[in-house]
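Below is one structure; the comments refer to it alone.
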Amino acid sequence: DLPYWNTQYGKPLLIIPYTLDCNDMRFAQSLEGDRFFNYLKDTFDTLYAEGATAPKMMSIGLHCRIVGRPGRALGLAKFLDYVKAHQQAWVCKRIDICNHWYKNFKPVTAKL
């Protein structure tokens, strides 16, 4: 899902979707680095291919107490290296997405 404007409450509110799909909490009981890497990679590959015709966004939920463990951190590091090898991918924080959306996709009713 891409960010969108909610205008139901008087003034525009930017909604940046957050999913549990690519969240390390799903793997909290048995998160091996390779398993997490493969899941993220498969998701990224699908969205990257679909992104050839329409923009896509992949949100990854991370918690230092889960993915930050030594045996799990390598999977995340491998994934980030994999994504950085793709020229059309943008690795950023949610605030960066917010700033980009405000700059490029203001709602008609916004007075920003």
Original post:
Can you tell if the side chain of Thr46 reaches within under 4.5 Å of the side chain of Asp42, non-hydrogen atoms only?
Top reply: no

**OP:** Provide the closest heavy-atom pair for Pro17 versus Leu2 in the form atom of the first, atom of the second, distance.
**Re:** CG-O, 3.4 Å

Subject >> Counterpart residues, ring-ring contact (aromatic ring centres under 6.0 Å, His included), relative to Tyr48 (two or more places apart) >> reply: Phe44, His86

Original post:
Which atom pair, heavy atoms only, marks the closest approach of Thr19 to Asp21?
Top reply: OG1-N, 3.0 Å

**OP:** Provide the closest heavy-atom pair for Met58 versus Cys22 in the form atom of the first, atom of the second, distance.
**Re:** CE-SG, 3.8 Å

Original post:
Does one side chain, of Asp34 or Tyr39, offer a donor that lies under 3.5 Å from an acceptor on the other?
Top reply: no

Subject >> CH2-NZ distance between Trp90 and Lys84, expressed to the nearest 0.5 angstrom >> reply: 15.0 Å

**OP:** Work out which heavy atom in Tyr18 is nearest to a heavy atom in Gly61; give both atom names and the distance.
**Re:** OH-CA, 3.6 Å

Original post:
Who are the side-chain contact (heavy atoms from CB on, under 4.5 Å) partners of Lys93, not counting sequence neighbours?
Top reply: Ile95, Asp96

Subject >> Residue pair Ile97 / Cys92: nearest heavy atoms and the distance that separates them >> reply: CG1-SG, 3.5 Å

Subject >> Closest non-hydrogen atom pair, Ile66 against Arg72 >> reply: O-CD, 2.9 Å

Original post:
Should Tyr4 and Phe105 count as side-chain neighbours, where that means a heavy-atom distance under 4.5 Å?
Top reply: no

**OP:** Mind running side chain to side chain contact (heavy atoms under 4.5 Å, CB included) on Cys64 and Arg69 for me, showing each step along the way?
**Re:** CA-CA 7 Å; Cys64 60; Arg69 305 301 302 162; over 6 Å; no

**OP:** Kindly compute the distance separating CG (Leu40) from CZ (Phe79), expressed to the nearest 0.5 Å.
**Re:** 5.0 Å

Subject >> Within one Ile-Leu-Val-Met-Phe-Trp-Tyr cluster: Phe37 and Leu80, side-chain cutoff 4.5 Å >> reply: yes

Subject >> Hydrophobic cluster identity match, Val91 and Leu47, side-chain contacts under 4.5 Å >> reply: yes

Original post:
What residues form a side-chain contact (heavy atoms from CB on, under 4.5 Å) with Leu62, not counting sequence neighbours?
Top reply: Asp24, Phe36, Ile60, Val67, Leu76

